[in-house]
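Below is one structure; the comments refer to it alone.
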2 protein chains.
Amino acid sequence: MSTDRSDSDDSARERLIDLAADFYDQFAAGQIPEMELPTRTKSNIEYDENSDVWVYGDRTSTRSANSVRGARKLLKAIYTIDFLADQLGEDRSSTLRELYYLSESWDNEEAQFSDQDESNQLVEDLEIVSEVTREDFHMRPEESGATLMGPLYLREQTRRGEREIHCQKDVGEGGYQIPNNPDTIEFLDHDAEFILCVETGGMRDRLVENGFDDDYGTIVVHLKGQPARATRRITKRLHNELDLPVVVFTDGDPWSYRIYGSVAYGSIKSAHLSDYLATPEAQFVGIQPTDIVEYDLPTDPLADSDINALESELSDPRFQTDYWREQIELQLDIGKKAEQQALASRGLDFVTDTYLPERLTEMGVL
Amino acid sequence: MSTDRSDSDDSARERLIDLAADFYDQFAAGQIPEMELPTRTKSNIEYDENSDVWVYGDRTSTRSANSVRGARKLLKAIYTIDFLADQLGEDRSSTLRELYYLSESWDNEEAQFSDQDESNQLVEDLEIVSEVTREDFHMRPEESGATLMGPLYLREQTRRGEREIHCQKDVGEGGYQIPNNPDTIEFLDHDAEFILCVETGGMRDRLVENGFDDDYGTIVVHLKGQPARATRRITKRLHNELDLPVVVFTDGDPWSYRIYGSVAYGSIKSAHLSDYLATPEAQFVGIQPTDIVEYDLPTDPLADSDINALESELSDPRFQTDYWREQIELQLDIGKKAEQQALASRGLDFVTDTYLPERLTEMGVL
């Protein structure tokens, strides 16, 4: 989590090589090599009282070379470790997809990946056992693309030198583009009161056009639907390092509650990264089912898939609070959902003049 | 297409009001009001020899108030014109989705939109009959999100004043975020040889990491799949105003050829905007079906939907050249497709050290 690239690169490289050394030692001791991983299913994630996020439970599964299939998996892990260690040594980076294709150039055909799910999964496994994040392996996502606008002055370390950027004064209307690895950023100064994560581009543009970031000292982070890791990471760092509250503003449907859930509590897929990515103090602004009723918003009826998703949220450990149970049950009851832009039915300024100030006051953020 | 906001706002406003005045005059003359539009189907787009892009043909359809349905459509047009004229008068902007929701606040229920397709369609109709672009109505897209990186120095007029930005020196690794309306940009200076439009984020990041923009004087425009209007517009302006060649680099499959087609020749949906958005001189770099063979790239088999899409391209007026017929027939013959990142099977530098220099030399760009 250091902003000094070479330090974290060296330690990531060491941890990878330690993993390979473990296999070597197992061989040397006449044991069949194996790798132990937490079981990655919903029933094996649990709430951690210390960190307030969802983490893997105690159940583990073992990858062992005692079968051809298992041996092949460990062989692929070794080749991948070798590639990643070289990549870190040369200060290069690559995407998950490039890793998959690159495996075609490996001399041992048994080590090549048969599809991209397999290489993606392996990189996640390596993250878990090495306790190094993918970003510190220099693996980039395919798309990042989220932006930030607000009274924040930062320094980004790029391959071409340092850049000092004020996220209102030095950027165009599109805002500051969050890099793939936000740990290359150092926060220099700010004049912000809170962080507002916004699901849709239309609403992000509305808030910026209406000057909400200026008027309320808001750092507006565009989530772009289900947020990329980089977006969740910078949100967590802004919260932790600048001691600013985080609020999440999405559409009022079950898919959007999951977006909030992944900002606040992490996801099952990345439960091993909750400490790194999740902001458990993040609060949900709306659109709440109660808002649909209270503000009489234009709605669409819930589809069957929406109803199923809401019902599955009722048993999702991230939504086991009185607040969420009430909201979800109300929504199932009224059978309706609403988009954040539905607030425009009250006029283009309603969201910034009325809705957000009212909700944020209620929540104690303003 | 002026960069002076208020001038183009005034003229957009006048044109809209002229449309409303037409209806008024028709009423005053005792005629049933009507609006004539080009027919918007594939059979009514044709190649325009002068501008080298696909435009609507001569067939038109008429929206007339001689039926309840037609009268309702014209009523909605009038309310929308009224809203847009106010918006321009106040120097505000809004998204298509906001317009749809906003119509719920209109006093006449008959004027309210029944779904968003209807309001989207109406705004396109108004673009066509007024010959003013949606951007000049201050209608924003839901998502823009594409970025640009390269030796380009520009000035963007934002609501908060002018910003002067060098698209390598003043931005982070994420690059410069293209605003929703790139006509607010003025190009101040550049040191570029050509413009390279790239489909995927993974490849865009590879080119930037490998310093391709620096080494070859390249302005790298990230298309992010099917490019937003803002991305196509800035590409066209860079080509026209800086006199730089444009090349398009995508995956090697029929969907990606359509991405190229929309950059170069526009789309059926936006044939009325070809002059504004299309860059007919744009050339296709690859991945070509011949590249799949020549470079022996890792492939996936064509799915049925791919085959159908290729066959439909054989009859698409935008692909009626010897070049495209050969490439598409070859691809149907080999039954394979490849992603741009498949070039990584030859190593992470193959694309910047070998593939692009070879292809761009062949094409006469380098």
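Just so it is clear: chains get the letters A, B, ... in the order the sequence lines come, proteins before strands, and each one is counted from 1. What's counted below: heavy atoms across the whole structure, side chains too, no hydrogens, waters or symmetry copies. Predicted model only: the values in this text are computed from it and were never measured.
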Does atom NZ (Lys76(A)) have a neighbourhood of more than 12 heavy atoms from anything else shown, all under 6.0 Å?
yes
Residues, nucleotides or ligands: over 12 heavy atoms within 6.0 Å of Asp191(B) CG:
no
Is there a donor in the side chain of Thr184(A) and an acceptor in the side chain of Glu173(B), or the other way round, less than 3.5 Å apart?
no
Would Asp214(B) and Arg159(A) pass as an ion pair if we require N to O under 4.0 Å?
no
Counting only heavy atoms closer than 4.5 Å, note whether Val208(A) contacts chain B via side chain, backbone, both or neither.
both
Residue Arg206(A) versus chain B: region with a heavy atom under 4.5 Å
both
Within this structure, what is the OG-CG distance for the pair Ser93(A) and Leu348(B), rounded to the nearest 0.5 Å?
8.5 Å
Under 4.5 Å from any heavy atom of chain B - which part of Ile165(A):
side chain
Highest number of heavy-atom pairs under 4.5 Å with chain A among Gly175(B), Ala344(B), Ser94(B), Gly174(B) belongs to Ala344(B)
So for Gln168(A), is it side chain, backbone, both, or neither that comes closer than 4.5 Å to the heavy atoms of chain B?
both
When only heavy atoms count and the cut-off is under 4.5 Å, which of residues 98-108 of chain A reach chain B?
Glu98(A), Tyr101(A), Leu102(A), Glu104(A), Ser105(A)
Name the member of Glu162(B), Arg163(B), Glu164(B), Arg346(B) that forms the most heavy-atom pairs with chain A at distances under 4.5 Å.
Arg163(B)
Test salt bridge (charged side-chain N to carboxylate O under 4.0 Å, His left out) applied to Asp215(A) - qualifying residues, sequence neighbours left out:
none
Do other residues, nucleotides or ligands put more than 12 heavy atoms under 6.0 Å from Glu109(B) CD?
no
Arg140(B) side, atom CZ; Asp205(A) side, atom CG - distance, nearest 0.5 Å
4.5 Å
Can you name the salt bridge (charged side-chain N to carboxylate O under 4.0 Å, His left out) partners of Asp213(A), sequence neighbours left out?
Arg160(B)
Check: Glu209(B) and Asp91(A) side chains under 4.5 Å, non-hydrogen atoms:
no
For residues Thr95(B) and Gln341(A), report the shortest heavy-atom separation together with the two atoms involved.
OG1-OE1, 2.6 Å
With a 4.5 Å cut-off on heavy-atom pairs, point out which of Arg92(A), Lys169(A), Arg204(A), Met203(A) contacts chain B the most.
Arg92(A)
Under a 4.5 Å heavy-atom cutoff, which of Leu96(A), Leu343(A), Asp349(A) has the most pairs with chain B?
Asp349(A)
Please state whether the side chain, the backbone, both or neither of Glu339(A) comes within less than 4.5 Å of a heavy atom of chain B.
both
Flag the one option from Gly161(B), Gly172(B), Gly211(B) with the top tally of heavy-atom pairs under 4.5 Å to chain A.
Gly172(B)
Under the ring-ring contact (aromatic ring centres under 6.0 Å, His included) definition, can you give me all pairs with a residue in residues 146-176 of chain A, not counting sequence neighbours?
none
